[in-house]
Amino acid sequence: MSSKFDKIIDYAVRKGFFWQSYEIYGGQAGFYDLGSLGVLLKSNIIELWREFFVKQHQEFVVEIETPIIAPAIVFKASGHEENFTDYAVECLQCHRTFRADHLVEERLGISAEGLKAEQIEEVIRKNDIRCPVCGGPLGNVYRFLLLFQTYIGPYSPSNLAYLRPEAAQGMFINFKRVYELMKRRLPFGIAQIGKVARNEISPRQGLIRLREFTIMEIEFFYDESNPTCDLLYENCSDEYINILRAEDRAKGIDKPLPISVSEAVDEKIILSPWLAYWMCIAKKFVNALGVPNNKTYFEEKLPSERAHYSKQTFDQIVIVERWGKLEVSGHAYRHTYDLERHIEFSRADLYAIRQLKAPKIIRRSVVKYDKNAVISFFGTKAPQVFKVLASLSSEALAKIVAESKGDGVVVEGIEIPKTIFRVEDVEEKVWVEKIIPHVAEPSFGAERLLYIVLEYAYSEDGGKVIMKFPKRVAPIKVGVTPLVDREPLEGIAHRLFKELKRHYYAMYLEGDSIGKKYAQADELGIPFVVTVDYESPSKGDVTIRDRDTKKQIRVPIDGVVKVIDAGLKGVDIFSLGYPIIERVEDKE
RNA sequence: GCGGCGGUCGUCUAGCCUGGUCUAGGACGCCGGCCUUCCAAGCCGGAGAUCCCGGGUUCAAAUCCCGGCCGCCGCACCA
């Protein structure tokens with residue numbers, strides 16, 4: 001008995017939505033090609049995401065595009081080079097694979113962080129750690145780096161680069177530039193849609209786990225001392241989302257509970273209000289893709305399951321037939337981690353400015369030194385001393401002076417008489433302060449959504465497949481056909497097709513019988529089919545058939561586009577006042 | 001990467017154990033023609049497979065053996 005998953009993959013490959021890449025060379029796991037319908041469906045999903053996440057928030061969310069290849073320093077700074085690496089060890093007896101670092105941590109209660117493969121192996125040997133399942137001896141510890149590596153420039157093997165495993169770093173790197181363009185106002189978000197690559201160890205579930213996939217992400221920056229999210233209460237306070245909390249999961253509970261978004265924030269179940277807001281939008285977005293609310297929930301990750309940059313993470317789950325659940329998006333509270341790291345590694349000023357309501361008085365010590373005294377004391381060595389003193393900030397110098405005992409102050413190995421320095425206390429009025437914004441990140445995998453849309457659209461009716469795509473994402477919007485393939489019906493249908501192509505992806509349906517043509521349209525999930533029948537030549541009208549009800553309306557030929565437009569926007573075409581033709585029962 | 005199972009027209013599959021009319025059969029789909037006044041599968045004809053790749057055994061290999069590639073399931077990782 002083939003599962004729904006198999007049926008859907010079958011269907012999708014047969015109809016040319018997607019197939020495995022590099023087929024003529026035997027295929028390559030983790031890579032899929034999209035066919036024409038797949039491209040249409042995916043781009044409709046992306047466009048809908050753009051509408052929900054960017055277009056509806058355009059006054060403070062902007063989309064950018066950055067390269068896929070980045071110099072190694074970027075992912076050194078982001079922590080990926082270090083954390084996207086796993087150490088594995090295999091049992092020589094039962095051939096099970098384990099995370100070597102986890103094994104050491106569990107057994108010995110010590111942290112294995114920062115250890116190299118050989119060091120972990122040494123610890124395993126010394127402490128005679130054996131396979132936790134069968135007790136067999138363990139083999140060599142080996143390292144997986146999940147980043148794809150390459151080099152920038154043909155002559156520069158030293159210029160190591162990585163393919164990005166997430167789009168986020170492109171947004172963090174451009175934080176300051178976009179912040180300026182956004183007139184230095186928080187909060188704001190940077191969105192990006194693009195390909196990412198992860199060198200997965202063994203991807204197997206077809207298009208569910210790919211080595212290269214499209215990600216749709218927002219890095220949303222806000223001032224955590226003033227996180228108030230009016231939109232949350234405006235758009236989402238009445239919205240309920242289903243949450244499965246980490247503390248419940250730890251107790252073995254696996255049933256998510258519905259909670260209003262505002263309550264989840266007030267109760268500190270979701271730590272970041274903006275994270276909560278985007279989760280609410282994510283729920284609405286997934287609903288628009290055809291997933292009812294009782295089939296999706298947010299699962300909070302346990303601390304051990306979270307990525308290195310995250311303070312709190314929720315995975316958005318959609319219930320699927322094959323695996324029970326499938327993560328379609330991740331919602332991470334990245335707080336200040338990434339900007340801090342990039343400030344540290346790049347020395348760039350990635351701060352935002354917070355205006356204070358009242359000026360802050362800052363008292364601090366400033367150190368001044370007597371230049372003439374330096375010259376008379378050090379003579380020809382004086383320039384060297386000035387250079388050393390100038391390299392230090394006033395605060396740092398004040399600290400050294402304050403901490404020095406005796407009559408001399410040692411600065412960078414040079415002893416300077418204390419009498420040369422004069423410490424003054426100063427008061428400054430400050431109207432702004434520098435802050436590192438906090439970050440809430442919603443991140444979607446486009447190909448997984450593509451699968452979800454297929455699974456939720458898939459239905460069968462007496463052995464016939466009907467894809468009930470939401471109209472917005474349906475790859476082909478309208479079909480045209482003559483009732484029978486004869487003139488003058490064919491000529492009218494062809495002219496209509498030509499007109500419809502100017503507006504939509506449309507399809508001219510051919511086939512043995514009208515029933516077969518409708519079946520063909522249903523199989524592709526085409527929402528509307530326009531049929532030219534024997535009344536059309538004299539009356540100048542046609543019928544429009546609705547995929548889901550199979551009912552038709554009679555519409556003048558020049559009104560067809562108007563009706564289809566309305567129908568695709570969600571208007572019930574049967575309420576437009578055109579004559580309705582009830583469906584004919586299937587023949588036995 | 002390791003272990004188990006698998007790979008035959010576009011798709012599903014017969015054949016494999018027990019090598020030989022298998023120059024690989026069928027169904028769906030596809031192409032051409034006929035029929036057809038509203039919900040697929042009526043008729044006629046046609047195209048389409050060096051049986052995953054490479055090597056070996058044999059007079060003879062889709063079939064037996066070895067290696068590789070790919071897929072599925074398990075370990076680990078994961079949007």
Side-chain angles (χ1 to χ4, degrees), chain A residues 2 5-6 9-11 13-16 19-30 84-100 102-103 131 133 139-140 142 144 146 165-167 196 198-211 213-217 305 307 313 315-318 326-332 442-449 451-452 461-465 481-486 489 511-523 529 531-536 543 545 547 550-552 581-587:
Chain A
S2 71
F5 174 82
D6 294 328
I9 298 302
D10 262 19
Y11 164 83
V13 172
R14 193 172 66 240
K15 292 294 167 192
W19 53 84
Q20 199 183 19
S21 298
Y22 310 112
E23 274 181 332
I24 67 165
Y25 290 107
Q28 179 62 61
F84 240 51
T85 301
D86 292 325
Y87 293 101
V89 64
E90 193 185 322
C91 169
L92 297 173
Q93 190 168 296
C94 69
H95 297 297
R96 267 177 250 263
T97 306
F98 304 94
R99 283 282 296 271
H102 288 182
L103 218 52
C131 172
V133 176
N140 294 332
Y142 50 100
F144 291 125
L146 299 180
E166 56 167 14
V196 299
R198 299 179 185 179
N199 209 351
E200 299 282 351
I201 299 164
S202 177
R204 278 202 201 107
Q205 297 109 319
L207 132 126
I208 301 303
R209 269 185 64 214
L210 298 170
R211 287 192 164 117
F213 62 99
T214 301
I215 218 167
M216 307 186 284
E217 267 177 0
E305 297 169 331
T313 298
D315 275 353
Q316 185 178 23
I317 307 285
V318 171
L326 180 64
E327 300 91 348
V328 296
S329 70
H331 299 262
S443 168
F444 289 79
E447 289 79 2
R448 286 196 175 180
L449 291 172
Y451 174 74
I452 290 295
D461 178 20
K464 287 181 281 189
V465 173
T481 188
L483 185 58
V484 291
D485 296 343
R486 271 188 196 154
L489 276 47
D512 287 345
S513 67
I514 190 66
K516 200 158 181 174
K517 292 170 183 172
Y518 288 151
Q520 188 192 335
D522 288 343
E523 196 183 13
V529 175
T531 305
V532 177
D533 62 19
Y534 280 93
E535 292 175 39
S536 301
T543 63
R545 170 189 183 268
R547 177 192 68 204
K550 296 184 179 175
K551 289 195 296 187
Q552 291 170 299
I581 305 158
E582 289 297 327
R583 64 174 286 204
V584 179
E585 285 307 312
D586 297 3
K587 279 181 197 158

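Below, chain A is the first sequence line, B the second, and so on; all start at residue 1.
Aromatic stacking is marked for F213(A) over A79(B), as both cut-offs hold: 5.5 Å for the centres and 30° for the planes. Aromatic stacking of Y534(A) on U37(B): satisfied, with centres closer than 5.5 Å and planes within an angle under 30 degrees.
At the heavy-atom level, D512(A) lies under 4.0 Å from base atoms of the strands shown. Residue I215(A) is classed as having no contact, given no heavy-atom separation below 4.0 Å to the nucleic acid. Across all strands, L146(A) comes closer than 4.0 Å only to sugar-phosphate atoms, never to a base (heavy-atom distances). Contact annotation for E200(A): base contact, defined as any heavy-atom pair under 4.0 Å involving a base atom. R14(A) comes within 4.0 angstrom of nothing in the nucleic acid, heavy atoms only. If you check every strand for non-hydrogen atoms under 4.0 Å, I208(A) touches a base. S443(A) comes within 4.0 angstrom of no nucleic acid atom, judged by non-hydrogen atoms across all strands.
Counting to the nearest Å, the P atom of A79(B) and the CE atom of M216(A) are 15 Å from each other.
Applying the salt bridge (Lys or Arg N to Asp or Glu O under 4.0 Å) test to R209(A) and every residue at least two apart in sequence or in another chain returns E200(A). Applying the side chain to side chain contact (heavy atoms under 4.5 Å, CB included) test to E327(A) and every residue at least two apart in sequence or in another chain returns D315(A), I317(A), R448(A).
In terms of polar N and O atoms assigned as donor or acceptor, the side chain of T543(A) comes within less than 3.5 Å of the base of C38(B) in a complementary pairing. No hydrogens or angles were tested; on distance alone, a donor-acceptor pair under 3.5 Å links the side chain of R545(A) to the base of C39(B).
Aromatic ring pairs are classed by plane angle as parallel below 30°, tilted from 30° to 60° and perpendicular above 60°; the pair F5(A) and Y451(A) is tilted.
Across G71(B) and A40(B), the matching C1' atoms stand 32 Å from one another, rounded to whole Å. If you take atom C1' in G54(B) and the same atom in G7(B), they sit 16 Å apart, rounded to whole Å. Taking atom P in both U37(B) and C53(B), the straight-line distance is 49 Å, to the nearest Å. Taking atom P in both C52(B) and G45(B), one finds a spacing of 31 Å when rounded to whole Å.
Checked options D512(A), D522(A), D485(A); the residue passing with K517(A) is D485(A) (criterion: salt bridge (Lys or Arg N to Asp or Glu O under 4.0 Å)).
Positionally, the nearest nucleotide of RNA chain B for G515(A) lies more toward the 5' end than for the other of G515(A) and Q20(A).
A side-chain donor-acceptor contact under 3.5 Å links E217(A) to the backbone of A167(A).
Here the straight-line distance linking atom NZ of K15(A) with atom CG of D10(A) works out to 12.0 Å at 0.5 Å rounding.
Counting only heavy atoms from C-beta on, R198(A) has its side chain closest to C78(B) among C78(B), A40(B), C38(B).
The side chain of Q520(A) places no N or O atom within less than 4.0 Å of a non-bridging phosphate oxygen (OP1 or OP2) of A40(B). Side-chain N/O atoms of K464(A) include one lying less than 4.0 angstrom from OP1 or OP2 on A40(B). A sub-4.0 Å separation between OP1 or OP2 of C38(B) and a side-chain N or O of Q552(A) is absent. For the pair R486(A) and U36(B), the criterion of a side-chain N or O lying under 4.0 Å from OP1 or OP2 is met.
The pairing partner recorded for C43(B) is G33(B), the criterion being a Watson-Crick or G-U wobble arrangement whose two distances lie under 3.5 angstrom. Pairing for G3(B) is with C73(B), a Watson-Crick or G-U wobble pair whose two hydrogen-bonding atom distances lie under 3.5 Å.
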